[in-house]
Each structure stands twice: as C-alpha cells, then as structure tokens.
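Here the structure is laid out as structure tokens; the discussion comes afterwards.
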There are 2 protein chains.
Amino acid sequence: MNNLFKALSHPVRRRIIAMLRQGPMGSGEIAAAFDMSWPTITGHLNALKDSELVSTEKHGQSVRYRLEISAVEEAMAFLMDLTGTGSRTPEDDK
Amino acid sequence: MNNLFKALSHPVRRRIIAMLRQGPMGSGEIAAAFDMSWPTITGHLNALKDSELVSTEKHGQSVRYRLEISAVEEAMAFLMDLTGTGSRTPEDDK
DNA sequence: ACCCTAATTAGGAAATATCCTAAGTAAAGT
DNA sequence: ACTTTACTTAGGATATTTCCTAATTAGGGT
C-alpha cells in the first residue's frame, strides 16, 4: 500500500503506467520515450514492480511490462473511501 | 498533480487525511494522535496543504485543517483513467 | 504588561530517492 | 565460440525527504 502511492508519486512512473494502458511494452521501448538513461528507467520499472503496479513477462530476450489494474484499483479504493461515507477499518490507513 | 501523489505517498499523511474524513481537526489534536513531534506533523500538514488535499481555517488561536474532497477526486480521476477505456490527453500524465 | 496556549518556522542530522556511467548477464544469431 | 541485442545490476554523486530540538509568532486571558 505504501509502495503503491510511492510509485505513483513520480511523474516519470506515472507517465510509464499511462503508456502501459495501451498494452504491454518492452523495457527499451519504454526507455526510448524518455530523455533519460535506460538504467534510470529500469530503476523506475523496478519501483513499479515492487508496488505491483506492473508485472513482467520474458519473451525471448525482451521483457514485457504489463500494467496491473488490480493495484490501480487498490489505490482507487483508498481514495474512494475518503470521498464516500461508508464504514472503514484501521486497516485502510496502512 | 505531482504534489498530490507525493502527499499521498507517506503513511503519516495518509493517516492524517483518513482522520480528517470525520471532520476538520486542530493541528495539536492531529499531532497528539502520532508518536512524533508536533513540528514534524506541522511539516506533513504543510505538505498536504501544498497539494491542496487540505485547507486551513483559523478559529481564534487554533487552526482547523479540513479535507478537500476535490483534490482526492482529482487523484481518483487519474487512476480511473488508467482502468477505463476512454480517450485521454497528454495533459493527464503531468 | 505579562503569561499561557496553540501552532509555526529555523536549522541541521540522517535516511532515502534520483540520476548518471560502467560493468555484467542472458538469449539469439552467425 | 563469438557477437549482437536487450536488459539489469553496481557504484557513486547530488538532491530531497524526514525527523528532531530550539526559537519564534500570534491570539486570549488576567
């Protein structure tokens, strides 16, 4: 939960997940879209993986990154709870 | 937008906004709920104010912090766009 | 005027994040 | 076996965040 919002807190990582909305992409393909070194992007991808916002899948020598909607929904649930009037547990605050 | 997610990225700040769900609170009242110094909590409150997730209102010598639902909704809109299939603009990625 | 209560700002130490270049791994082609 | 392609890990400089204590501001009461 904490890693989730931390992952979302960087503009580059948000842009990456926005890109992945259209479907899985390779690491290099993602890196090419940014004005930063490939290793830096790998670092951001690792952060996204730690947060479970993305998952990976090897396809030969390339690695495809896929957006994990379930994690996005988890973040949304937290925010929804803030706007709604429903009941909540202390669990939500972690 | 960036400040918004950055504000949400710290567990203490998330707990604060969860507390404010039940209504506005004073700075000291909030600080008392944490095992940290009051100035540290003031720092977090300032971060929340910068992100526009909370607003303040002076009431005599005490300051009340209020949750701003509109900012929560802005964050939610970003996430919703990720899960949905609707069209999107580059504006969203900021 | 003086003090108390409520809260913030200042300054600084320690931890974490962000970015780079260089080096390493691993699959695929020749 | 060697090379190329695709990508990650290692190491390190710099920037930012997080937290503390001490000092300050501001309103209210006596």
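Below, read A as the first sequence line, B as the second, and so on, with proteins coming before strands; counting in each chain starts at 1.
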**Prompt:** Choosing from dT9(C), dT9(D), dC19(D), which nucleotide comes nearest the side chain of P39(A)?
**Reply:** dT9(D)
**Message:** Applying a 4.0 Å non-hydrogen cut-off, can you work out what R13(B) is touching in the nucleic acid: base, sugar-phosphate, or nothing?
**Reply:** sugar-phosphate
**Item:** dC19(C) phosphate, OP1 or OP2, under 4.0 Å from T40(A) side-chain N/O
**Value:** no
**Prompt:** What's the closest nucleotide to the S37(A) side chain, out of dG27(D), dT21(C), dT8(D)?
**Reply:** dT21(C)
**Asked** Does R21(B) reach the main-chain N or O of G84(A) with its side chain, forming a donor-acceptor pair under 3.5 Å?
**Response** yes
**Prompt:** Which part of the nucleic acid does G26(A) contact within heavy-atom distance under 4.0 Å: base, sugar-phosphate only, or nothing?
**Reply:** sugar-phosphate
**Request:** Provide, to the nearest angstrom, the distance between the CZ atom belonging to F34(A) and the C1' atom belonging to dT18(C).
**Result:** 14 Å
**Message:** With a cut-off of less than 4.0 Å, is there a side-chain N or O of Y65(B) near OP1 or OP2 of dT8(C)?
**Reply:** yes
**Asked** NA contact type, S27(B), heavy-atom cut-off 4.0 Å: base, sugar-phosphate, or nothing?
**Response** sugar-phosphate
**Prompt:** Roughly how many Å is it from CZ in F5(B) to C1' in dT16(D), rounded to a whole number?
**Reply:** 20 Å
**Any N46(B) side-chain N or O less than 4.0 Å from OP1/OP2 of dA7(C)** = no
**Request:** Using a cut-off of strictly less than 4.0 Å, decide whether H10(B) has a side-chain nitrogen or oxygen near OP1 or OP2 of dC19(D).
**Result:** yes
**Request:** For the pair V12(A) and I41(A), evaluate side chain to side chain contact (heavy atoms under 4.5 Å, CB included) and give the outcome as yes or no after the intermediate values.
**Result:** CA-CA 8 Å; V12(A) 166; I41(A) 298 301; 4.2 Å; yes
**Nearest heavy atoms of R13(A) and S9(A), plus distance in Å** = NH2-OG, 3.9 Å
**Asked** With under 30° as parallel and over 60° as perpendicular, where do the rings of F5(A) and F78(A) fit, or are they tilted in between?
**Response** perpendicular
**Fill in**
Whichever of K58(A) and H44(A) has the more 5' nearest nucleotide on DNA chain C, that residue is H44(A)
**Prompt:** At what distance, to the nearest 0.5 angstrom, does CD of E52(A) lie from CD of E74(A)?
**Reply:** 8.0 Å
**Request:** For A47(A) and for W38(B), find the nucleotide of DNA chain C with the closest heavy atom, then tell me which residue's nucleotide is more 5'.
**Result:** W38(B)
**Prompt:** Counting side-chain heavy atoms from CB outward, which of dA27(C), dA7(C), dA17(C) is closest to S62(B)?
**Reply:** dA7(C)
**Request:** For the side chain of K6(B), starting at C-beta, report the closest nucleotide among dA28(C), dT17(D), dT21(D).
**Result:** dT17(D)
**Request:** Using whole Å, report how far CG of D50(A) lies from P of dT9(D).
**Result:** 10 Å
